Amino acid sequence: MSLVLDPAAQDLLFREARTANTFTDEPVTDEQVQAIYDLVKYGPTAFNQSPLRITLVRSAEARERLVKHMAEGNAAKTATAPLVAILSADNEFHEELPQLFPHFPQAKDAFFSERTVRENAAALNAALQAGYFIIGVRAAGLAAGPMTGFDFEGVRKEFLDDDHTPLMIVNIGRPGEDAWYPRSPRLELDQVVTTV
Ligand SMILES: Cc1cc2nc3c(=O)[nH]c(=O)nc-3n(C[C@H](O)[C@H](O)[C@H](O)COP(=O)(O)O)c2cc1C
């Protein structure tokens, strides 16, 4: 009984949550996306920099443009998921720092005046936020299918700009038929923890 989170919530978020490969056609609404974001925005990032940006692919025309950049094995999932989100890192996140870190607004210039520093920070912190986002999708009772099998430069040019780096594309919806592969094993604690 070391965990204080309700066991049903533990199942929903982790033990029974799976990476979906097929989806029903039940829509994912803007209200659900709002509720997911309003939860996961509280996940921590360095300097509260919050560099994750989310592009929701809703129109049929945009979906078609995205599918052509997906790896062969991912194209059908992205073509049929009720909602697809392109997650990217904003390398110019420092512009928002005075708002996001008001007790030390100088952080923008003191730490993040160099683009390479910002790119490294944005990559780490937006990836953290992508993890929070996946758990948030599960908290809404939905399944997420995150993917990095796509043409990053193609997606950046098609949907983003030079200041945004794609991180992953997430299919979102209710799981359909044969939605997952068999559960793969995870490493045990003694395989990953070193105590010094
Ligand atoms: C960042 C990331 C990228 C992934 N890329 C792909 C992908 O391109 N294609 C795919 O079929 N699955 C992809 N996956 C799915 C993983 O293989 C899957 O989440 C993992 O095996 C765990 O599966 P489970 O949640 O069903 O246990 C990706 C997952 C993550 C988190």
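The structure displayed is predicted, hence computed values, not measured ones. Start at 1 and go down the list; that is how both ligands and their atoms are numbered. The chain is numbered in sequence order, starting from 1.
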- Message: Once rounded to the nearest 0.5 Å, what's the spacing between atom CD1 of Ile169 and atom CG of Leu87?
- Response: 8.5 Å
- Item | Part of Asn74 within contact of ligand 1 (heavy atoms, under 4.0 Å) | side chain
- Task: Considering only protein heavy atoms, determine whether one is less than 4.0 Å from atom 25 (O) of ligand 1.
- Result: yes
- Message: Is there a polar contact, in the sense of an N or O pair closer than 3.5 Å, between Gly149 and ligand 1?
- Response: yes
- Would you check if there is a donor-acceptor pair between the side chains of Thr22 and Asp178 at a distance under 3.5 Å? no
- Please write down residue, atom name and distance for the protein heavy atom closest to atom 5 (N) of ligand 1. Thr148 N, 3.0 Å
- What's the shortest distance from atom 20 (C) of ligand 1 to any protein heavy atom, and which residue and atom give it? Thr19 OG1, 4.2 Å
- Is a salt bridge present between Lys108 and Glu96, judged by a nitrogen-to-oxygen distance below 4.0 Å? no
- Task: Do me a favour and list the nearest non-hydrogen protein atom to atom 11 (O) of ligand 1 with residue, atom name and distance?
- Result: Lys77 NZ, 2.6 Å
- What is the closest protein heavy atom to atom 27 (O) of ligand 1, and at what distance does it sit? Arg183 NH1, 2.6 Å
- With under 30° as parallel and over 60° as perpendicular, where do the rings of Phe101 and His103 fit, or are they tilted in between? tilted
- Message: Any protein heavy-atom neighbour for atom 18 (C) of ligand 1 (distance below 4.0 angstrom)?
- Response: yes
- Note on the structure: In terms of its nearest heavy atom to atom 29 (C) of ligand 1, the top option of Pro146, Ala71, Ala179, Gly145 is Pro146
- Message: Heavy-atom pairs closer than 4.0 Å: do any link ligand 1 to the side chain of Met70, the backbone, both, or neither?
- Response: neither
- Message: Between Lys68 and Glu64 (salt bridge meaning N to carboxylate O under 4.0 Å), is one present in this structure?
- Response: no
- Can you name the side chain to side chain donor-acceptor pair (under 3.5 Å) partners of Glu153, sequence neighbours left out? Arg156
- Query: Going by the angle between their ring planes, with limits at 30° and 60°, are Phe93 and Phe112 parallel, tilted or perpendicular?
  - Reply: perpendicular
